[in-house]
Amino acid sequence: MSRDHVQSAERSAPGAAAPDRSRPKAAPAPPVAETPFLDLLARGASAEAYEQPVLLARAEGLPTGRIAALEQAKLLALRVRSELEGRRRREAELSALFETAHDLAGLRDLDAVLQAIVQRARSLLGTDVAYLSLNDPVRGDTYMRVTEGSVAARFQQLRLGMGEGLGGLVAQTARPYVTDDYFRDDRFQHTLSIDAGVRDEGLVAIVGVPLMLGHHVIGVLFAADRRARVFEREQIALLGSFAALAAAAIDTANLLAETRSALAGLERANEIIRDRSGVIERASDVHDRLAELVLRGGGVHDVAAAVSEVLDGTVQFTEAAAAPAQALETSRAEGHAVRHEDDWIAAVAAGDELLGALVLRGHPGLDPVDQRTLERAAMVTSLLLLARRSAAEAEQRVRGELLDDLLDARDRDPRLLSERAARLRADLDATHTVLAARLETGTADAEQEADARRRLWAAASHLAATRQGLAAARAGGTVLLLPLAAGDTATGLARRTARHLGTAVHEPVTVGASAPVRNLTAGPDIVAPAYAEARRCLDALRLLGRGGDGAAAEDFGFLGLLLAGERDIAGFVDRTIGQVVSYDERRGTELLRTLDAYFACGMSPARTKDELHVHVNTVAQRLDRVGRLLGDDWQTPARALEIQLALRLHRLSTGRASRR
């Protein structure tokens, strides 16, 4: 240190006397007096170490001037030391703030940035604990977000009501607050929960600064010691700088979250737009497909298949009775497809009439546009069904008109009859059977009865169309002309028709059938007698209490002779004893003669063997053969009567033939 500096330090030293200019100047202190203090400054020694050079000089008995110079140099060295420490401290603070700002600039994890801020604040202020609380606008309180140095679990989980504790005072005034002794400070509101948490942590001195976003306090940054302490102004300012950085970090994180949310929203919007575009394309596709189906005369199942492909699911057309009743009625009433469990139901209706339903199976999550696609398909299906019904009704009328002409023999031109039948895919040259059908359940309500007859006629017309036959309404019932397949019988056809029509109209239907008729083109006048025969069979069934059944004249035994239009005697004989006649003709046996004798002798084998002049065993063997040919029940009264009548008719017919 220079002499001038030493002299200046002596003049500025506290309590130093003013220099006496009248006296001669003292000899300047040797420059070596500054050396020990420079060495101490270089080593960064503690403040106590600066007393050593002065104490040594006094111990050595150096001159007073020398000791004074050392005292002055010590004071200057301590001032320099204090200045250097302040600069180092400010440098460390600025470095910490810079690092925090750098962390904030590269913000990725808000919790990590806030944790770094609290750690650096605790380190630079040299406190036992540092922590940061944030306001919760949803719950209306504040909560601990980050703690550093805390050891008490209850303190780390504190939630404070607004306005409570030191933090509440800071939030209310938006200014920093310091307390040297928390529990003796009555400037803020103490609560049991807050005091318990602070006591668990052992805190005494606390300083809190607000976290500000604009003019709003969003939280508080705290530093605290477990002993009494006075926080300097510079320390409070430093904590405030960290609080500003924490607020900026929170604001940045919020902006990033909003940005990410906005980006996510845009992404979702793009996905929705892409999805909507796909849905619109699918809707356009299904519209084109349905239009093409209508134009080329597709059916309801074609519509279901097209919609299944577009909706990527299984769509089926079902009858109204097979669909869930409540869902179907709701869909019809609202005009929209409705969800039923994991399926969607779209009513196929024409006005108030339910024609069926389109059912989308196993597709609970259905897009609104796809739902409208299903509804549009249901509408197209109803149009197709109505068009089909109109065409069917027109065809039914034409079929009915042709059958009416055959029954009334109004058109006897074979060529015209064949052409009209060909247009209806009917072959009048095939073997047919005429069937008369009638409902068995009568009602006093004329309107209900008329409706039941219409349903019977519709069912019969549908059956005739599918079997390449004809149908017409007549005499309160329905008449059908159906082809008879090879190996089939009029009886079998009558019974199947009765079951089919009864199932279709949900009421018993009785059907009488005529004997097979052939060559209708050449002889159309045979249809009317066949219809009369079918009517007689129908009446016989009803008189015998067999309503709801089907039968032909051949089922009534000898009564069939009375029912048959042409009295088919040969047919009756053949059906009754034809197998016995054939057996005699092939083998040259006398089974017919034995039967005649057996019945003439009162069905007594002993008397029969006398009549035939054979052994009784021969009679027994012949009758056993008859039983195998005619069936085990041939001796029952009803069968025995028919066999005797057939034997007599056979004998008469052969007698006439022999006379010829």
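Not measured: the values here are computed from a predicted model. Position 1 is the first residue of the sequence; numbering continues from there. What's counted below: heavy atoms across the whole structure, side chains too, no hydrogens, waters or symmetry copies.
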With a 3.5 Å cut-off and sequence neighbours excluded, list the donor-acceptor pairs that the side chains of residues 584-605 form with protein atoms.
| unit_1 | atom_1 | unit_2 | atom_2 | d |
| --- | --- | --- | --- | --- |
| D584 | OD1 | T589 | OG1 | 2.4 |
| D584 | OD1 | L591 | N | 3.0 |
| D584 | OD2 | L591 | N | 3.2 |
| D584 | OD2 | L592 | N | 2.9 |
| R587 | NH1 | Y583 | OH | 3.2 |
| E590 | OE1 | R593 | NH1 | 2.9 |
| T594 | OG1 | E590 | O | 2.7 |
| T594 | OG1 | R622 | NH1 | 3.1 |
| D596 | OD1 | R651 | NH1 | 3.0 |
| D596 | OD2 | R651 | NH1 | 3.0 |
| Y598 | OH | M603 | O | 3.4 |
| Y598 | OH | Q635 | OE1 | 2.7 |
| S604 | OG | R607 | N | 3.4 |

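Here the shortest heavy-atom pairing between A357 and A323 reads CB-CB, 4.0 Å. Closest heavy-atom contact between A327 and H340: CB-CB, 4.0 Å. Looking at every heavy atom in both residues, P516 comes nearest to L484 through CG-CD2, 3.7 Å. Nearest heavy-atom pair, V511 versus A437, reported as atom, atom and distance to 0.1 Å: CG2-CB, 3.9 Å. Heavy atoms only, all atoms of each residue included: A436 and A534 are closest at N-CB, 3.9 Å. In plain terms, the two heavy atoms of A346 and A378 that are nearest each other are CB-CB, 3.9 Å.
Side chain of T618 to backbone of V614: no donor-acceptor contact under 3.5 angstrom is found. In terms of modelled atom types and a separation under 3.5 Å, the side chain of R438 and the main chain of G477 share no donor-acceptor contact. Not a single donor-acceptor pair under 3.5 Å links the side chain of S514 to the backbone N or O of T433. A donor-acceptor pair is defined here as one N or O able to donate and one able to accept, closer than 3.5 Å; such a pair exists between the side chain of T466 and the backbone of L463. Under a 3.5 Å cut-off, the side chain of S331 and the backbone N or O of A347 do form a donor-acceptor pair. Side chain of R339 to main chain of E341: a donor-acceptor pair is present (N/O by atom type, distance under 3.5 Å, no hydrogens or angles). Judged by distance alone, the side chain of R639 and the main-chain N or O of L630 form a donor-acceptor pair under 3.5 Å.
In this structure, CG in L623 is found 10.5 Å from CD in Q621, a value given to the nearest 0.5 Å. Atom-to-atom distance recorded for L360:CG and L358:CG is 9.5 Å, nearest 0.5 angstrom. Separating the OH atom in Y531 from the CG atom in L538 is a distance of 8.5 Å, to the nearest 0.5 Å. Interatomic distance, L481 CG to L435 CG, rounded to the nearest 0.5 Å: 8.5 Å. To the nearest 0.5 Å, atoms NE2 (H432) and CG (L480) are separated by 11.5 Å. Rounding to the nearest 0.5 angstrom, the gap separating the CZ atom in R495 from the CG atom in D549 is 6.0 Å.
Within a 6.0 Å radius of CG in D633, more than 12 heavy atoms belonging to other residues, nucleotides or ligands are found.
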### Query
Going through the distances and angles, do K609 and H615 end up as a side-chain contact (heavy atoms from CB on, under 4.5 Å)?
CA-CA 6 Å; K609 61 100 174 170; H615 195 276; over 6 Å; no
### salt bridge (charged side-chain N to carboxylate O under 4.0 Å, His left out) between D624 and R628, intermediate numbers included
CA-CA 6 Å; D624 182 62; R628 286 199 294 271; 2.3 Å; yes
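A heavy-atom distance below 4.5 Å is found between the side chains of F317 and V348. With contacts defined as side-chain heavy-atom distances shorter than 4.5 Å, the pair V517/T431 does not qualify. Using a 4.5 Å cut-off on side-chain heavy atoms (C-beta onward), E375 and H336 make contact. At a threshold of 4.5 Å between non-hydrogen side-chain atoms, the residues P324 and I345 count as touching. Side-chain atoms of T489 and L493, non-hydrogen and from C-beta on, never get closer than 4.5 Å to each other. Between I643 and W634 the shortest side-chain heavy-atom distance falls below 4.5 Å.
A salt bridge links R496 to D488: at least one charged side-chain nitrogen sits closer than 4.0 Å to a carboxylate oxygen. By the 4.0 Å N-to-carboxylate-O rule, E329 lies close enough to R332 to be salt-bridged with it.
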